[in-house]
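Here the structure is laid out as structure tokens; the discussion comes afterwards.
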Amino acid sequence: MKSLQMGIYDDLDTQTQPLLNIDIFLNNIIVFGDHMSGKTTFLKTLLVRMHQNVEKTDAEEIYIIDFGGNLGEYKKLPLVAACFDNSNEENIRRAFKTVENRFEQNIKQLKSEQFNDAYRDATGTKPQHITLIIDNINSFLADERYAPYQDDLIKFCRDGLSKGLSVVFTANDTSNGLGKFLSNFAQKLVFDVSTEVYIEVFGIKVNEPMKNPGRGVAVINGKPKEFQVFLPFENEKNEISEFISSCSDITCKVSKLQSFADELNFTNFSEYSKDGVTVDEAQAGEDKIVVGLDYYEHRPILVNLKEMRSIAIYGKKKFGKTNLLQLLIREIRRKHPDYTIVLVDDGRKQLETFHIKDNPNSVYKSKLEDLADYLESNGYAKVRASKAGAPAFEEKVTPPTVFVLQSKMLFQPASKGFITAFASLTAKAEERKCYFIYSDMKKIVNDDADTRANINNSISAAFLLDNIAEFVSNQGSKSVFGDMDAKELKFEYARCELGDGYFYDIESDELNKVKFLKV
């Protein structure tokens, strides 16, 4: 990529206005300025120039953290792999993880070689170059959610250029600890700011520029000189779409990190899923149910009934448990209308809404005595001690049955008959085609350690609709997540937005953060 023509500057020594050229490969860039002084315009012009100057053999990826909220339209440019605002913490984490992975790949590929030497000497495919842009770095540094990334950011600024990673910041001033980054920025540009900021940035007093947007001061050839940055377009509103279309022939397109809308549903699923697959395509097969997309690769997350016969749902109140259960039950009924679904509720009757009264395969029980009658009379399992003179229990061939269990009374010490009955059904689950959904594990788990251990050991997959680090720290010892490290989880995953959660495939020991489908 050639040097980028970003504006003109006043050279009083020669009485000329030469072009202000910036080499993104050689310099980290930081741009200071007050509100409406020209910082975002500089970034827009930078993005346009990078696309205008990219060569066919270049490999470039641009990641934008847009805390200014003004670069959304530019995420459509083909070299922009991600453009995230501060509305979803997980997106920022994804961007940092991806940049770090790309950076580590460059380190391994280049070994002791410098990026610019490898780029210049490449006879075929050139090394990957990464540009990380943070608009409004002061807000980023002030947000405690992103404090864990500051060490990575310092590493990117200090070591990145030698391995093909350039960093671009815009800032209002040097507050929030920004000063510790400044020594890693050879290219500093300052628009309209206070006199103190000019001194803090340049270390010397400079003549302040005219109060025009896009007018600023930069040190060029060892001297502070006034410059004027170019506009990206004469009429941005009318020209940006046309410019994006004109970039369609750029060959080094990138794999974009998408951000989810507020809701993932059956209509927009293919828009966000990897390779554009639909829900029906993803869950082809009678025992597969799509529950959402994983946050990082946007792969469909599937529940396979044949492999996951016992499923637990944990989570906060009003955080999506009912929606998830509705999705599972609806899809089971659609794929297997012959399956019996037994809903076991408590006095609050929260599962009653899932019962279809005129459907003979829908069974709803809110009283334990009624449930015992049903299990025994239909030959599922013996629950109560035999009464004198009563006929002996006879196990019968039962239809494929999904037990949705929410009543915590089932697993209390006083209900040993149910504990034994469901243990026997679980042990023969494959043979008898029995499936179990513990629809609110937080209520079912009790203080009886043996009962809790038996239930946890029977579970093959679990959902959590909550912040996993907090959950594991507070309640993990009583759950299937008990062996996980809360500190590692806090570092690995951001807090959940409404509609987000986790899917833990216990058999394969695989944990995924999920955007769940909204029914």
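Numbers here are sequence positions counted from 1.
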TODO: Please determine which of R102, E61, E60 meets the side chain to side chain donor-acceptor pair (under 3.5 Å) test together with H129.
DONE: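 Between H129 and the candidates, side chain to side chain donor-acceptor pair (under 3.5 Å) is satisfied uniquely by E60.
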If you count heavy atoms of other groups shown closer than 6.0 angstrom to [atom1] of [X], is the number above 12?
{"X": "K288", "atom1": "NZ", "answer": "no"}
{"X": "K274", "atom1": "NZ", "answer": "no"}
{"X": "K75", "atom1": "NZ", "answer": "no"}
{"X": "K256", "atom1": "NZ", "answer": "yes"}

- [ ] Please list, chain by chain and in numerical order, all residues satisfying salt bridge (Lys or Arg N to Asp or Glu O under 4.0 Å) with K518, sequence neighbours excluded.
- [x]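 K518 satisfies salt bridge (Lys or Arg N to Asp or Glu O under 4.0 Å) with no other residue.
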- [ ] Can you see which heavy atom on L189 is nearest to which on F227, and at what distance?
- [x]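 Shortest heavy-atom contact: CD2-CZ, 3.6 Å.
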TODO: Using distance alone, with no hydrogens and no angle criterion, decide if Q128 and Q105 have a side-chain donor and acceptor under 3.5 Å apart.
DONE: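 Side-chain D/A pair, Q128 to Q105: absent.
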- [ ] Using only heavy-atom distances, determine whether the side chains of D505 and S508 contain a donor-acceptor pair under 3.5 Å.
- [x]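 Their side chains do contain a donor-acceptor pair, which is all the 3.5 Å distance test asks for.
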Open item on the list: Closer than 4.0 angstrom, basic N to acidic O: yes or no for K108 and E104?
Closed with: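 No salt bridge links K108 with E104.
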Task: Option passing salt bridge (Lys or Arg N to Asp or Glu O under 4.0 Å) with K97 (candidates E492, E90, E297) - done: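 Of all the options given, the one that passes is E492.
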Task: Charged tip of K513 within 45° of Y295 ring normal and under 6.0 Å - done: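 Yes; both conditions hold, so K513 lies above the ring face of Y295.
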Task: Any donor-acceptor pair under 3.5 Å from T45 side chain to F230 backbone - done: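 Such a contact is found between T45 side chain and F230 backbone.
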